[in-house]
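The sequence lines fix the lettering, A, B, ..., with proteins before strands; numbering per chain opens at 1. Keep in mind it's a predicted model, so treat the numbers as computed, not measured.
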There are 2 protein chains.
Amino acid sequence: MTTPGRGLHGHVLETLGPAITAGEYPPGSVLRTDELAQRFDVSRSVMREAVRVLESMHLVESRRRVGVTVRPRSEWNVYDPQVIRWRLAGADRPQQLRSLTVLRSAIEPVAARLAAKHATADQCAELTECALGMVAHSKGHQLEGYLLHDVAFHRVILNASGNEMFARLGDVVAEVLAGRTHHDVMFEDPDPAAVTLHVQVAEAVRAGDAARAEHLTKEITEGALQELDILAP
Amino acid sequence: MTTPGRGLHGHVLETLGPAITAGEYPPGSVLRTDELAQRFDVSRSVMREAVRVLESMHLVESRRRVGVTVRPRSEWNVYDPQVIRWRLAGADRPQQLRSLTVLRSAIEPVAARLAAKHATADQCAELTECALGMVAHSKGHQLEGYLLHDVAFHRVILNASGNEMFARLGDVVAEVLAGRTHHDVMFEDPDPAAVTLHVQVAEAVRAGDAARAEHLTKEITEGALQELDILAP
DNA sequence: GACTCTTGAATTTGTCGTACTTAATGGGTT
DNA sequence: AACCCATTAAGTACGACAAATTCAAGAGTC
């Protein structure tokens, strides 16, 4: 899942990026390219390329005679998958999971509604397959198998919505679901009600019942919100 | 609003980025760094930095002995503000506006709901101020003034939601609203019903009526969808 | 004496060119 | 078919100079 930092420039990013997003360098902090190059034992060229990437993520700003200044969090490109990964690996992982779960609660119901209208026969078949897979792994501590089908299910929904912006959130949803399974809430079998809801969503999409697909998905995401003690919208 | 491409590296990006997102180089196309450097009359270092940025946006992939290959659209970081800007300036502007408007229709109602719960007194005041500004500019072809307050209104909502992911969509919403005013649909005064809805949203948020704020905002975004002939969710 | 404006030096990024290294590809040989 | 090697384009390093902006010192004025 993690990108193994191709090349020296990638290695530098995999160290500097998490450090910055973790708040190790507070907003306004000034870094110097030469010093960083020395610290990481790379050439200035490599460090400059790394800084350029951080700049394109709006994590830092590079100005002459000043150096590389860290920008405030409010300006970061928080939708950049790499930034999301770094933040999920760092100190504000809980905060990040909350933000993303709220995002899910807004996106997925609408995506399900659109999926009910646009899904192909193949996608419908895949959807029911995933739902059945979830049922099959819902008892007896088969969390990994369950997660696999759960992630696949939500990916299909997002893709079937026909909206590219929704489709690109597949990785985010996967990360949130994986995070929940591996670190946080789930120690036992998943909630049977949630499993049922997924099956019903698959049915609704297959039947082309947009309103029902949206409503059921909303119930799923509200469940996710409650798990994190977020007031249900 | 537009970033003026700071430095040579920025200038290269402002040319190459739009070209790639416009599909001028179809997925799988291979570019060579040296050739590009020659074409843009910059050093290889500068071109390499530009390529690194394009790579961080998942627009291209750089591999040894092969070159810089253009990735398929499905892998692009479509939430990157720069990518959004490039695509809005290019050929698939209509498609992009549709995607973003659908995204709005998912996000903004939930954001309004959260804003009703989290908005500070200052934010409530600003919100009513924006709504009143919209009313004041709703007659007599004052489209620019209307747009200004409209954008500000939606920014306040997104910020007041307290969710950083929502807040970062302020620029996107601004771009969509501006696009609608300047290029596409609006030649006359804005729909009076829409103006009224904004005023009512401001009231609902002030009153802390989350459900009402959500519902009213949903009506606003559904109106935006209908303007683009998208089936209302 | 306090203040402002100008000037210039110091500093850090920006750009360039070159040389060398590394890895993947494709073809030729065994 | 398996292996080896030459080719190729990116990856890395280093050194030099250009450009811009900050900061302070100094001149001039009120």
Side-chain angles (χ1 to χ4, degrees), chain A residues 2-17 19-20 24-72 75-76 82, chain B residues 2-17 19-20 24-72 75-76 82:
Chain A
T2 51
T3 310
R6 312 178 309 266
L8 286 186
H9 128 279
H11 175 253
V12 170
L13 276 178
E14 288 303 318
T15 310
L16 250 189
I20 294 175
E24 208 163 308
Y25 305 94
S29 302
V30 176
L31 311 172
R32 268 163 299 143
T33 307
D34 292 312
E35 185 200 339
L36 289 173
Q38 214 166 1
R39 172 133 54 99
F40 287 97
D41 195 40
V42 296
S43 68
R44 202 163 78 103
S45 330
V46 169
M47 184 53 66
R48 281 182 56 76
E49 289 174 22
V51 168
R52 279 275 174 273
V53 172
L54 293 175
E55 199 176 25
S56 86
M57 297 169 174
H58 281 71
L59 294 183
V60 302
E61 188 183 2
S62 180
R63 272 166 46 195
R64 271 182 158 135
R65 164 64 178 152
V66 170
V68 179
T69 64
V70 178
R71 305 179 83 152
E75 297 178 8
W76 296 351
Q82 216 160 5
Chain B
T2 52
T3 311
R6 313 182 304 270
L8 285 185
H9 127 279
H11 174 252
V12 170
L13 276 178
E14 288 303 319
T15 310
L16 249 190
I20 293 175
E24 207 163 309
Y25 305 94
S29 303
V30 176
L31 311 171
R32 268 164 300 137
T33 307
D34 291 311
E35 186 200 337
L36 289 174
Q38 214 166 0
R39 172 133 54 99
F40 287 97
D41 195 40
V42 296
S43 69
R44 205 161 77 100
S45 327
V46 169
M47 183 52 67
R48 281 182 56 75
E49 287 174 21
V51 168
R52 279 275 175 273
V53 173
L54 294 175
E55 199 177 25
S56 87
M57 299 168 173
H58 282 70
L59 294 183
V60 302
E61 188 181 1
S62 180
R63 270 166 46 196
R64 274 182 155 133
R65 163 66 195 194
V66 172
V68 179
T69 63
V70 178
R71 305 179 84 151
E75 296 177 8
W76 296 350
Q82 215 160 4

Would you say the side chain of L16(B) lies within less than 4.5 Å of the side chain of F40(B), judging by non-hydrogen atoms? yes
Taking the nucleotide of DNA chain D with the closest heavy atom to each, which residue, R64(A) or G67(B), is nearer the 5' end? G67(B)
Sub-4.0 Å heavy-atom contacts from residues 47-62 of chain B onto DNA chain D, ordered by number: R48(B), R52(B), S62(B)
Here the gap from I20(B) atom CD1 to W76(B) atom CH2, rounded to the nearest 0.5 Å, amounts to 8.0 Å
Could you list where the contact with chain B starts and ends along DNA chain C, reading 5' to 3', using a 4.0 Å heavy-atom cut-off? dT15(C) to dT25(C)
Show me the donor-acceptor pairs, under 3.5 Å and distance only, between side chains in residues 54-65 of chain B and residues at least two apart or in other chains.
unit_1 : atom_1 : unit_2 : atom_2 : d
E55(B) : OE1    : R52(B) : NH1    : 2.9
E55(B) : OE2    : R6(A)  : NH2    : 3.1
E55(B) : OE2    : S62(B) : N      : 3.2
S56(B) : OG     : S56(A) : OG     : 3.1
S56(B) : OG     : V53(B) : O      : 2.9

With a 4.0 Å cut-off on heavy atoms, is R63(A) in touch with a base, just the backbone sugar-phosphate, or nothing at all? sugar-phosphate
Are side-chain heavy atoms of H9(B) and R48(B) found at a separation under 4.5 Å? no
When the nearest nucleotide of DNA chain C is assigned to S43(B) and to V68(A) on a heavy-atom basis, which residue is associated with the more 5' position? V68(A)
Partners meeting salt bridge (Lys or Arg N to Asp or Glu O under 4.0 Å) with R39(A) (sequence neighbours left out): none
Measuring from L13(B):CG to M47(B):CE, what's the distance to the nearest 0.5 Å? 9.0 Å
So which atom in A50(B) and which in V12(B) form the shortest heavy-atom distance, rounded to 0.1 Å? CB-CG1, 3.9 Å
Please report the distance, rounded to the nearest Å, between CZ in R65(A) and C1' in dA18(D). 16 Å
With sequence neighbours left out, the residues meeting side chain to side chain contact (heavy atoms under 4.5 Å, CB included) with R32(B) are E35(B)
Return yes when atom CD of Q38(A) has more than 12 non-hydrogen atoms of other residues, nucleotides or ligands closer than 6.0 Å, and no otherwise. no
Distance check, rounded to the nearest 0.5 Å: L36(B) atom CG versus R44(B) atom CZ? 12.0 Å
Contact check, residues 29-42 of chain A vs DNA chain D, heavy-atom distance under 4.0 Å, returns V42(A)
